[in-house]
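Computed from heavy atoms alone, side chains included, the values below leave out hydrogens, waters and symmetry copies. All chains are named by letter (A, B, ...) in the order of the sequence lines, taking the proteins before the strands, and each is independently numbered beginning at 1.
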Protein chains: 2
Amino acid sequence: MLDLVDVEGWVLDHRKAVSPQLRAILRSRIIRNDLRPMSRLSEPELAKEYGVSRQPVREAFITLMNEGLVEVRPQRGTYVCKIDYDAVLNARFVREAVESDIVAKLASEDSGDLIKELRAQLSMQKKVVKGSPEKFMELDERFHMTLAIGAGLAKSWRFLEGIKSQMDRVRFITFEEFHISKLIGQHEQIVDFIEQKTVSGAEDAMRAHLREILNSLPRVRALYPDHFENSPGESREENPKL
Amino acid sequence: MLDLVDVEGWVLDHRKAVSPQLRAILRSRIIRNDLRPMSRLSEPELAKEYGVSRQPVREAFITLMNEGLVEVRPQRGTYVCKIDYDAVLNARFVREAVESDIVAKLASEDSGDLIKELRAQLSMQKKVVKGSPEKFMELDERFHMTLAIGAGLAKSWRFLEGIKSQMDRVRFITFEEFHISKLIGQHEQIVDFIEQKTVSGAEDAMRAHLREILNSLPRVRALYPDHFENSPGESREENPKL
DNA sequence: TTTAGTTGACTTGTATGGAAGTAGGCAAGT
DNA sequence: ACTTGCCTACTTCCATACAAGTCAACTAAA
């Protein structure tokens, strides 16, 4: 007999530590919009649902709170955060800054094997253009991660992963808003510039690539206003003393 | 009677939730090298020390583990992480990428009030050149935070705070390794470039500023090898499959 | 009808006991 | 002398019980 509990496709293995698994499951469910913004996440309810006690659920909440995905209001309840428009813009800014420097570093180094790996990934991406956008997002994440690790910056990618979730939530609301073929073309451009060691070209291409979300973000927000927290430009007012 | 517990200068307020307070206290103690690398952090011992139960201590550990400050080995013990040399380099890289873009943004905008605030901070910094380096670190953090918030990127700064701790640990081992007056001069340069709207100048000045740690880092590691985890260049081997 | 006060069923925060696993000491057997 | 197996004292992880705060509905009086 298997010691597994299956809840709506999400599996939990009781042989290993439960807390980190719950963390991953809940994070994924939030990012994929399975758990909607402002919905309650009751500790005892989720505990019963997954067949564990409140403690592991609670510990998962702590991590998700630090990532800005849930908001726990003491003695009141825990809720899925709405998508923070300003946080998305901030995440995008950080990614542009870091990843443009990453490709600049790659373009100034000698990285033959990496190019081969990236080309292989590009061909895989082209195969799923017409397929499920979810699959493309997986390949897209892998592509950007490969660039980071290839530059010897694996730990920087871990950091970026945390803030990327803010952008991913936007993508998962409306897949059709993203022109996948255009994104793949940009990926190809980036690899080309790295291969021919054109530093500024690679940098600019990555910056342009990561600015794509700025086109769709206002549309997405207009389509699903209930999913969003606040408008752009409000960040300054949040810290009035500076 | 006050509901406070004082342990070696660290105060805990039982009227508010203790978990986040413990988080902050332990994080600060680790960064300031009060809790040495590889020392045990026993749940029941710390619980008794701060007059709380083991659960809040445990929840604090979870956050610190996610920040890479402690390592919890199941059924074995929780230990203060050694300083990860590669993580410091990664944190530095990310900071350079993001903060250089921040000052570039500031230099391309109109920010008169911000300049005044920064000038005031500079004069404060000059006053503590001969004073305690700890006080300067506080002002230094405030300076960089002000730049981020001034650019409307407060949330980006919160991201950076998390990785900055890796660099701060290095600084707290040996204060004298840092020539404070030189750093203040660089701060001044950055403000000058922002004021005269020289984008590339501001960017380059910030990059040079954040590369200072590269000079002292090898020396610090040579002086305190026991505080460090691994050497530079090992990051690639950690992910051999890419 | 309106409004103030109270009760009670929720929520999260904390405390504590037990389960599972690890590491080291010690003794018996080879 | 060296290995092997058990046994004890730890650790973190999970489950459960209790405490404290919040909120909504209900009651009762104006």
| query | Are OP1 or OP2 of C/dT14 and a side-chain N or O of B/Ser19 less than 4.0 angstrom apart? | reply | yes
| message | What I'd like to find out is whether the side chain of B/Glu43 reaches to under 4.5 Å of the side chain of B/Gln55, using heavy atoms alone. | response |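 Side chain of B/Glu43 against side chain of B/Gln55, heavy atoms only: no contact under 4.5 Å found.
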| said: Without decimals, in angstroms, what is the distance between B/Arg58 CZ and C/dG13 P? | reply: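 Distance check: B/Arg58 CZ to C/dG13 P gives 16 Å.
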| query | Rounded to whole angstrom units, what separation is found between the CD1 atom of B/Ile62 and the C1' atom of D/dC14? | reply |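 The answer, rounded to whole Å, is 12 Å.
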| side-chain contact (heavy atoms from CB on, under 4.5 Å) partner of A/Val88, the single match among A/Met167, A/Glu229, A/Arg169 | A/Met167
| message | Heavy atoms only, 4.0 Å cut-off, all strands: where does B/Arg54 land among base, sugar-phosphate and nothing? | response | base
| task | Look at all strands and tell whether B/Leu41 reaches a base, only sugar-phosphate, or nothing, counting heavy atoms closer than 4.0 Å. | result |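 The answer is sugar-phosphate, as B/Leu41 gets under 4.0 Å only of primed atoms, P, OP1 or OP2.
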| note | Of the listed C/dT11, C/dT12, D/dT11, the closest approach to the A/Glu43 side chain comes from C/dT12
| Which sits closer to the 5' end of DNA chain D, B/Phe61 or A/Gln55, going by the nucleotide each is nearest to? | B/Phe61
| query | Any side-chain heavy atom of B/Pro218 within less than 4.5 Å of one from B/Tyr85? | reply |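 Heavy-atom side-chain distance check passes, below 4.5 Å.
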| Side chains of A/Ser165 and A/Leu69 in contact at under 4.5 Å (non-hydrogen atoms) |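 Sidechains of A/Leu69 and A/Ser165: in contact.
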| How far does CZ of B/Arg40 sit from CD of B/Glu45, to the nearest 0.5 angstrom? | 8.5 Å
| query | At their closest point, which heavy atom of A/Pro56 faces which heavy atom of A/Ser19, and how far apart are they? | reply |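 Scanning both residues, the minimum pair turns out to be CA-OG, 3.4 Å.
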| For the pair made of CG in A/Leu22 and P in D/dA15, what is the distance, rounded to whole Å? |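 Atom CG in A/Leu22 sits about 10 Å away from atom P in D/dA15.
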| field | Length of the CD-P vector between B/Glu45 and D/dT12, whole Å | value | 10 Å
| Nearest-neighbour nucleotide for the A/Glu59 side chain, D/dC14, C/dG13, D/dT12 considered | D/dC14
| query | Which atoms form the tightest heavy-atom contact between B/Tyr79 and B/Met38, and what is the distance? | reply |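 Residues B/Tyr79 and B/Met38, closest heavy atoms: CD2-O, 3.7 Å.
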| Interatomic distance, A/Arg73 CZ vs C/dG13 C1' [rounded to whole Å] |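 Taking atom C1' of C/dG13 as the reference, CZ of A/Arg73 is at 17 Å.
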Could you list the protein-to-nucleotides 21-24 of chain C atom pairs, N/O on both sides, closer than 3.5 Å?
unit_1	atom_1	unit_2	atom_2	d
C/dA23	OP1	B/Arg76	NH1	3.4

| query | Rounded to whole angstroms, how far apart are CD on A/Gln21 and P on D/dC14? | reply |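 Spelled out: CD on A/Gln21 to P on D/dC14 is 9 Å.
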Sequence neighbours left out, cut at 3.5 Å: what donor-acceptor pairs do the side chains of residues 156-163 of chain B make with other protein atoms?
unit_1	atom_1	unit_2	atom_2	d
B/Ser156	OG	A/Asn90	OD1	2.6

| Nearest-nucleotide 5' precedence on DNA chain D, A/Pro20 against B/Gly77 |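 Taking each residue's closest nucleotide, the earlier one in sequence belongs to B/Gly77.
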| Short side-chain N/O contact from B/Ser53 to OP1 or OP2 of C/dA15, under 4.0 Å |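 It does, given that an N or O in the side chain of B/Ser53 lies less than 4.0 Å from OP1 or OP2 of C/dA15.
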| Listed nucleotide nearest any side-chain atom of A/Val72, set C/dG13, D/dT12, C/dT14 |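 Taking heavy atoms from C-beta onward, the closest nucleotide is C/dG13.
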| Could you state the CG-C1' distance from B/Leu64 to D/dT12, rounded to the nearest angstrom? |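 It is 16 Å, rounded to the nearest whole Å.
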| query | Nearest-Å distance, NE2 (B/His14) to C1' (C/dT14)? | reply |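 Computing the B/His14:NE2 to C/dT14:C1' distance gives 11 Å.
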| Can you find a side chain N or O atom of B/Ser42 that sits less than 4.0 Å from OP1 or OP2 on D/dT11? | yes
| task | Ignoring backbone atoms, test whether A/Thr78 places a side-chain nitrogen or oxygen under 4.0 Å from the OP1 or OP2 oxygen of C/dT12. | result |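 Yes, within the criterion.
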